[in-house]
There are 2 protein chains.
Amino acid sequence: MYAHEAGTATPRTRRERLREATLTEIKETARHHLAEHGPNGVSLRAVARDMGMTAPGLYRYFSSLDDLMTALRADFFTELSQTVTRAEEGVDRDDVDGRILASLRAFRSWAVTHRAEFALLFASSAPEHPVPHDSAALESGRRFAATFLTLFDRLLEERRFPLPAEEDLPPALVRQLVAFGEQTRFTTPNASIGALRVLTSCWVRLYGLVCMEVFQHLAFSMEAMEPMFEAELRDILTDLGVQYRPPTH
Amino acid sequence: MYAHEAGTATPRTRRERLREATLTEIKETARHHLAEHGPNGVSLRAVARDMGMTAPGLYRYFSSLDDLMTALRADFFTELSQTVTRAEEGVDRDDVDGRILASLRAFRSWAVTHRAEFALLFASSAPEHPVPHDSAALESGRRFAATFLTLFDRLLEERRFPLPAEEDLPPALVRQLVAFGEQTRFTTPNASIGALRVLTSCWVRLYGLVCMEVFQHLAFSMEAMEPMFEAELRDILTDLGVQYRPPTH
DNA sequence: CCTTTTGAGTGAACACCGTAAGCTTACGGT
DNA sequence: ACCGTAAGCTTACGGTGTTCACTCAAAAGG
């Protein structure tokens with residue numbers, strides 16, 4: 001409702017400007033601590049100390065450390081979305097293949113250059129409480145997903161690859177995919193059940209690939225994972241009827 | 001060297017028996033805390049309190065909290081290995097397809113029934129220090145990998161699926177795969193570069209699938225992920241020339 | 001312009017945490 | 001019987017998240 005009155009412009013009053021400034025300063029220093037000392041190395045007291053204030057003061061901005069972390073997650077999701085989108089926009093609008101390549105590579109390279117941030121986004125859910133269904137982080141996660149969904153929709157539009165028929169999928173899987181389509185709001189005319197099946201399958205492969213790299217699972221042997229990423233990317237895209245091209249860098 | 005003298009039998013002297021007992025008691029209570037309060041909810045003081053002793057006493061058994069966690073990781077790896085192996089042994093020795101199905105399903109079901117433990121094993125690497133190359137946890141991880149490697153070797157033996165030729169792979173990828181083969185000690189005659197390429201590809205898919213389920217990434221929509229796991233499992237195994245069969249439970 | 005209200009930030013306090021040092025006590029081998 | 005060794009405790013230090021009461025400067029309202 002505030003956003004409705006003031007738009008997205010910077011708030012006018014001096015107080016609000018200052019508040020905004022310290023708010024982002026808090027998040028920035030917290031991010032530094034995150035990157036340098038890992039997710040558990042972020043402490044309110046240390047952040048406050050770095051900023052020249054005391055820990056209780058931060059409670060004017062975040063109701064808890066967890067709240068700060070949640071805010072960071074939301075920020076990272078939008079940053080990641082923007083990174084991907086910008087990479088995509090650097091390619092000709094009609095070059096769908098190029099846009100997809102650029103997007104997925106941007107996703108990976110953000111992840112490997114921001115390991116701690118990526119870990120916070122994709123692997124820090126506490127396994128005990130079963131994920132809040134309302135949080136703002138979840139919403140920004142959805143927006144992030146949307147980035148890829150629209151690209152995928154272009155592929156569907158062009159009928160690049162054969163889709164499995166709904167009748168060939170087990171009913172339980174169909175139910176799951178229907179729910180998935182509703183929850184992600186990916187309900188374009190092209191988004192058939194078969195399409196969702198392919199989408200989730202590809203996403204899982206990409207996700208696994210990047211996770212493995214970020215968490216350094218094969219890292220004892222595979223120091224620079226890029227060749228493997230590219231090989232896997234090629235396979236995934238071939239299944240989607242997308243023409244692979246090696247990276248330019 | 002102790003192991004050499006005493007074998008793997010329980011140590012004889014009273015002191016050693018007691019020590020062994022409290023050692024496992026510490027790890028068990030720590031595991032309870034892990035499962036109930038997540039990886040960050042494990043504290044030496046709380047563990048000690050639950051056992052009726054004080055925190056410094058635990059230092060007779062573990063040199064730090066981190067040391068305890070590392071020991072837990074090693075234990076979990078061997079437990080997971082045993083779970084998979086036992087599932088495999090419940091199937092006819094000659095039914096390679098059945099053994100593979102049972103193994104991979106056992107892997108998933110251990111992961112989803114032991115989320116916190118799985119998270120500790122597969123997604124808790126602090127992104128700052130780049131993984132010690134010597135730790136015992138890494139060694140038990142290798143033993144875990146070996147479980148799947150031998151199964152995969154059977155498939156190679158039987159020439160179930162076509163292998164990509166080494167010449168068709170980018171040189172950088174070949175170098176990576178060579179290093180991977182050496183580090184995992186997966187150097188049977190069948191383990192060609194092409195075979196390693198297929199192996200890593202399949203493993204990444206499986207890993208991504210299970211991670212996604214454990215960390216509840218698509219969970220806002222996909223509550224019971226089993227149908228998706230089965231569908232994906234089917235696809236992966238088909239690529240490996242393994243005949244899929246639905247689970248019996 | 002002066003008053004009132006608001007809100008940013010502080011200091012002290014509480015309850016935790018990991019860990020080091022020094023001590024007591026009991027067991028085990030000689 | 002003795003004595004070394006190791007288990008466990010007490011104490012202590014520095015760190016953490018969080019609450020509460022407080023100050024003080026800035027904004028708001030007359």
Side-chain angles (χ1 to χ4, degrees), chain A residues 2 5-6 10-30 32-34 36-73 120 124 126 128-129, chain B residues 1-2 5-6 10-27 29-30 32-34 36-73 120 124 126 128-129:
Chain A
Y2 289 156
E5 298 173 24
T10 61
R12 235 165 306 286
T13 94
R14 172 179 165 78
R15 273 254 249 263
E16 281 173 336
R17 264 187 298 120
L18 285 182
R19 184 178 175 81
E20 187 97 0
T22 55
L23 202 97
T24 67
E25 187 185 351
I26 292 171
K27 291 197 284 193
E28 277 169 4
T29 62
H32 285 145
H33 288 210
L34 175 68
E36 284 176 21
H37 310 107
N40 295 358
V42 184
S43 80
L44 288 180
R45 290 188 121 111
V47 168
R49 210 177 308 133
D50 270 23
M51 296 177 54
M53 52 185 288
T54 61
L58 298 184
Y59 281 77
R60 296 278 163 184
Y61 299 89
F62 298 98
S63 64
S64 69
L65 176 61
D66 211 61
D67 192 35
L68 205 189
M69 293 310 232
T70 300
L72 284 185
R73 266 192 281 270
L120 202 63
S124 78
E128 52 279 6
H129 51 67
Chain B
M1 30 184 73
Y2 289 155
E5 297 174 25
T10 60
R12 235 165 306 286
T13 95
R14 171 179 166 79
R15 270 253 252 263
E16 279 173 337
R17 264 186 298 120
L18 285 182
R19 183 179 176 81
E20 187 99 358
T22 56
L23 201 96
T24 67
E25 187 186 351
I26 292 172
K27 292 197 284 192
T29 62
H32 285 145
H33 288 211
L34 175 68
E36 285 176 19
H37 310 107
N40 295 358
V42 185
S43 79
L44 289 181
R45 290 189 123 110
V47 168
R49 210 178 308 132
D50 271 23
M51 297 177 53
M53 52 185 289
T54 61
L58 298 184
Y59 280 78
R60 296 281 163 179
Y61 299 88
F62 297 98
S63 65
S64 69
L65 175 62
D66 212 60
D67 192 34
L68 206 189
M69 293 311 232
T70 300
L72 285 184
R73 265 192 283 270
L120 200 64
S124 78
E128 51 281 7
H129 51 67

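Because the structure is a prediction, the values reported are computed rather than measured. First the proteins, then the strands, lettered A, B, ... as listed; each starts at 1.
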Can you tell me how far [atom2] of [N] sits from [atom1] of [X], to the nearest Å?
| X | N | atom1 | atom2 | answer |
| --- | --- | --- | --- | --- |
| A/Glu20 | C/dA8 | CD | P | 13 Å |
| A/Asp67 | D/dT18 | CG | C1' | 13 Å |
| A/Tyr59 | D/dG17 | OH | P | 7 Å |
| A/Phe62 | C/dG9 | CZ | C1' | 16 Å |
| B/Leu65 | D/dG15 | CG | P | 18 Å |
| B/Met53 | D/dA7 | CE | P | 10 Å |
| A/Leu58 | D/dT19 | CG | C1' | 14 Å |
| B/His33 | C/dG18 | NE2 | C1' | 16 Å |

Within a strict 4.5 Å, meaning less than it, do heavy atoms of the A/Arg73 and A/Thr70 side chains meet?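 A/Arg73 vs A/Thr70: side chains touch.
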Would you say that A/Thr54 contacts A/Arg49 through its side chain, given a criterion of any heavy-atom pair below 4.5 Å between the two side chains?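 When only atoms from C-beta onward are counted, A/Arg49 and A/Thr54 do not touch, as no gap falls below 4.5 Å.
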Nearest to side-chain heavy atoms of [X], which nucleotide of [options]:
| X | options | value |
| --- | --- | --- |
| A/Leu44 | D/dA26, C/dG18, D/dG17 | D/dG17 |
| A/Arg14 | D/dT19, D/dA26, D/dG8 | D/dA26 |
| B/Pro56 | C/dG9, C/dG7, D/dT11 | D/dT11 |

Using Watson-Crick or G-U wobble geometry with both distances below 3.5 Å, tell me the partner of D/dG4, or none.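 With both distances under 3.5 Å, D/dG4 matches C/dC27.
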Any strand is fair game: report the nucleotide pairing with C/dG11 by Watson-Crick or G-U wobble, both distances under 3.5 Å, or none.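 Matched C/dG11 with D/dC20 under the 3.5 Å cut-off.
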Check B/Met69 against B/Pro39 and note the closest heavy-atom contact, atom names and distance.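 It is CE-O, 3.5 Å.
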Kindly give the heavy-atom pair with the smallest separation between A/Leu44 and A/Leu58, and that separation in Å.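 In terms of heavy atoms, the two residues are closest at O-CD1, 3.4 Å.
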Look at the side-chain N and O atoms of [X] and state whether any lies under 4.0 Å from the OP1 or OP2 oxygen of [N].
| X | N | result |
| --- | --- | --- |
| A/Arg49 | D/dT16 | yes |
| B/Thr54 | D/dG8 | no |
| B/Arg19 | D/dT5 | no |

How is [X] classified with respect to the nucleic acid when contacts are heavy atoms under 4.0 Å: base, sugar-phosphate, or nothing?
| X | value |
| --- | --- |
| B/Gly41 | nothing |
| A/Tyr61 | sugar-phosphate |
| B/Ala46 | sugar-phosphate |
| A/Ser43 | sugar-phosphate |

No-H, no-angle donor-acceptor pair, A/Arg60 side chain to C/dG7 base, under 3.5 Å: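 Answer is no: no donor-acceptor pair is held.
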Please state whether the base of C/dG18 and the side chain of B/Arg45 form at least one donor-acceptor pair under 3.5 Å?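 Indeed there is one.
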Spatial distance of atom CD (A/Glu20) from atom CZ (A/Arg17) [nearest 0.5 Å]: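 That separation rounds to 11.0 Å.
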Would the distance check show the side chain of B/Thr22 and the main-chain N or O of B/Glu25 forming a donor-acceptor pair, the cut-off being under 3.5 Å?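 No, B/Thr22 side chain to B/Glu25 backbone: no donor-acceptor pair under 3.5 Å.
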